[in-house]
Chemist: 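Sharing a structure here in structure tokens format.
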2 protein chains.
Amino acid sequence: MSVQERKQRERAERERLIVATARKLAEQQGWDAVTTRRLAEHIEYSQPVLYSHFRGKREIIGAVALQGAAELATAVRAATSAADGPRARVAALARAYLDFAAGNPAVYDALFQLDGGLAYAQEDTPEPLKDAFAALLETLDEVTGDGIDPGLFTEVFWAALHGLATLTRAGRLLPEDAEPRVELLVDRLAVV
Amino acid sequence: MSVQERKQRERAERERLIVATARKLAEQQGWDAVTTRRLAEHIEYSQPVLYSHFRGKREIIGAVALQGAAELATAVRAATSAADGPRARVAALARAYLDFAAGNPAVYDALFQLDGGLAYAQEDTPEPLKDAFAALLETLDEVTGDGIDPGLFTEVFWAALHGLATLTRAGRLLPEDAEPRVELLVDRLAVV
DNA sequence: CTCGTTTGTCTAGCGGTGCTAGGATCAGTT
DNA sequence: AACTGATCCTAGCACCGCTAGACAAACGAG
């Protein structure tokens, strides 16, 4: 019995190692550099071992994405809870979101840019993803305005943030004007 | 002399064929299906011929992107010029943009999602890209509001549209509520 | 303690990718 | 008619995600 437990623990530990290594590698050199061969070499196992933990590369990306969703939710909640007043909370949320995207580009890609095989906006959406959306909604609910569904408003606000994050990171927007963009977005979208 | 001209014409024709085929293939089966081998087979030449026209796959994607930018600009201008009043023009712009993204997903990917090796937001940004941005700015300029730089406002509005487009296409947002989202976005962001 | 059995891991290989070197072929010129 | 240069293709490189099958280590039973 205890033998099985030890083995299970070791397996779980190795799985964590795989995800952490994939994430580190992606953060350092981009997801293109995260090949199954390189990943296997870094964890000091052979390639097929990866497939005893995950169905394929997609699932590994998905695992990193779920980690990222949890961290994003935490970051957003930490930022909003430290701000006073609805306007300040929304601005803090926006900055926290964009900072997360800029600070963890590979994780953000895993979440929203790459195919991690995760279901979104559905019943079987994994909990961390729902919770990240909930973290946004908690604060944005305050500034939704009359007659508007808070969920819909959150979607729109989120889309705007996502657009800013991705266009900036892809070089389509210059990062210098990030702050005035946030100010404008918050001033217009949020009903205070 | 005339011989050289004919050859040049034929070369240009073949280049158009490459881009058109890449685009069609991408639109039908996604960019993943656009491999140099498949593309070469479709144009009935061998693989290396592609490399006598383009540096690599990136540049082919870039060529499709430039085509798309021109069409996007045209679509936006057509939609806005058919609408009466600033509010209606902005709403028409938003719908035209999102329709374009939904109707030409592969082209939209080439433009904003994939690496086509194009420069953005810089001096040497290709003309079609600048012009597509200009097409947005022309209409959004009217509803920017006092004290705000129209360019900055256009960036923010564009980012919001881009977010809606990409999140919807990736299954992160359900397409059913597209219209109310547009309404909300226009009502809040545009100063009429 | 020894012997099957099960479990785990690795080596080797499949079909695919983007890209390129080098030889063959064909057109235009003299 | 022979040369020359442009043009194109065959073949191959190193890499990709993924998997079959051989092998070894660890386990439980007698």
Side-chain angles (χ1 to χ4, degrees), chain A residues 1-19 21-23 25-26 28-65 106 109-110 114-117, chain B residues 1-19 21-23 25-26 28-65 106 109-110 113-118:
Chain A
M1 193 61 84
S2 146
V3 170
Q4 280 190 8
E5 283 174 12
R6 196 204 67 223
K7 289 205 170 185
Q8 269 190 330
R9 254 183 299 126
E10 287 173 354
R11 249 190 85 80
E13 179 52 39
R14 193 172 61 181
E15 191 159 317
R16 271 192 296 276
L17 178 63
I18 291 172
V19 176
T21 305
R23 175 175 177 166
L25 218 53
Q28 286 171 349
Q29 316 182 41
W31 276 107
D32 279 352
V34 184
T35 70
T36 54
R37 283 173 177 77
R38 247 193 293 264
L39 185 51
E41 194 180 352
H42 270 81
I43 64 168
E44 295 180 315
Y45 281 93
S46 74
Q47 240 181 328
V49 165
L50 300 174
Y51 293 86
S52 74
H53 289 270
F54 302 94
R55 275 179 199 281
K57 195 183 171 181
R58 283 174 51 160
E59 274 199 5
I60 298 178
I61 296 173
V64 173
D109 280 348
L114 302 175
D115 180 10
Chain B
M1 194 60 85
S2 146
V3 170
Q4 281 190 7
E5 283 173 13
R6 197 203 66 223
K7 289 202 170 185
Q8 269 189 330
R9 254 184 300 129
E10 287 174 353
R11 251 190 83 80
E13 179 52 38
R14 194 172 62 181
E15 190 158 317
R16 270 192 297 274
L17 178 63
I18 292 173
V19 176
T21 306
R23 176 175 176 166
L25 218 53
Q28 286 173 349
Q29 317 182 39
W31 277 107
D32 279 353
V34 184
T35 69
T36 54
R37 281 174 178 76
R38 247 193 293 263
L39 186 50
E41 195 179 351
H42 272 81
I43 63 167
E44 294 179 316
Y45 281 93
S46 73
Q47 239 182 327
V49 165
L50 301 175
Y51 294 86
S52 74
H53 289 270
F54 302 94
R55 279 179 196 279
K57 195 183 171 181
R58 283 174 48 155
E59 273 198 6
I60 298 178
I61 295 173
V64 173
D109 280 348
Q113 210 81 297
L114 303 174
D115 180 11
L118 301 175

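Note on naming: letters A, B, ... go to the chains in the order of the sequence lines (proteins, then strands), and numbering restarts at 1 for each one. Worth saying up front: this structure is predicted, and the values here are computed from it rather than measured.
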Chemist: side-chain contact (heavy atoms from CB on, under 4.5 Å) for A:Leu39 and A:Ile60? Distances and angles first, verdict last.
Modeler: CA-CA 11 Å; A:Leu39 185 51; A:Ile60 298 178; 3.9 Å; yes
Chemist: If you look only at distance, which donor and acceptor atoms sit under 3.5 Å apart when one is on a side chain in residues 40-50 of chain B and the other is two or more places apart or in another chain?
Modeler:
from, atom 1, to, atom 2, distance (Å)
B:His42, ND1, B:Arg38, O, 3.0
B:Gln47, NE2, B:Thr36, OG1, 2.7

Chemist: Looking at CG of B:Asp109 and CH2 of B:Trp31, how far apart are the two atoms once the value is rounded to the nearest 0.5 Å?
Modeler: 9.0 Å
Chemist: Per the salt bridge (charged side-chain N to carboxylate O under 4.0 Å, His left out) rule, which among B:Arg11, B:Arg9, B:Arg16 passes with B:Glu13?
Modeler: B:Arg16
Chemist: Looking at the base of C:dG18, is there any donor atom on it, or on the side chain of B:Arg37, that sits under 3.5 Å from an acceptor on the other one?
Modeler: yes
Chemist: Looking at every strand, decide which applies to B:Arg14 at a 4.0 Å heavy-atom threshold: base, sugar-phosphate, or nothing.
Modeler: sugar-phosphate
Chemist: If every non-hydrogen atom of A:Gly56 is compared with every non-hydrogen atom of A:Tyr51, which pair is closest and at what distance?
Modeler: CA-CE2, 3.8 Å
Chemist: Does anything in residues 44-54 of chain A reach DNA chain C, meaning a heavy atom under 4.0 Å, and if so which residues?
Modeler: A:Tyr45, A:Ser46, A:Pro48, A:Val49
Chemist: Taking OP1 and OP2 of D:dG17, is either one under 4.0 Å from a side-chain nitrogen or oxygen of A:Thr36?
Modeler: yes
Chemist: Write down the distance between CG (A:Asp115) and C1' (D:dG17), rounded to a whole number of angstrom.
Modeler: 14 Å
Chemist: Please classify the nucleic acid contact of A:Arg38 as base, sugar-phosphate, or nothing, using heavy-atom distances under 4.0 Å.
Modeler: sugar-phosphate
Chemist: Round to a whole Å and report the spacing from NZ of B:Lys57 to P of D:dC16.
Modeler: 16 Å
Chemist: Can you tell me how far the CD atom of A:Glu10 sits from the CG atom of A:Leu17, to the nearest 0.5 Å?
Modeler: 12.5 Å
Chemist: Using whole Å, report how far CD1 of B:Ile18 lies from C1' of D:dC8.
Modeler: 13 Å
Chemist: When the distance from CD of B:Glu41 to P of D:dC9 is rounded to whole Å, what number comes out?
Modeler: 13 Å
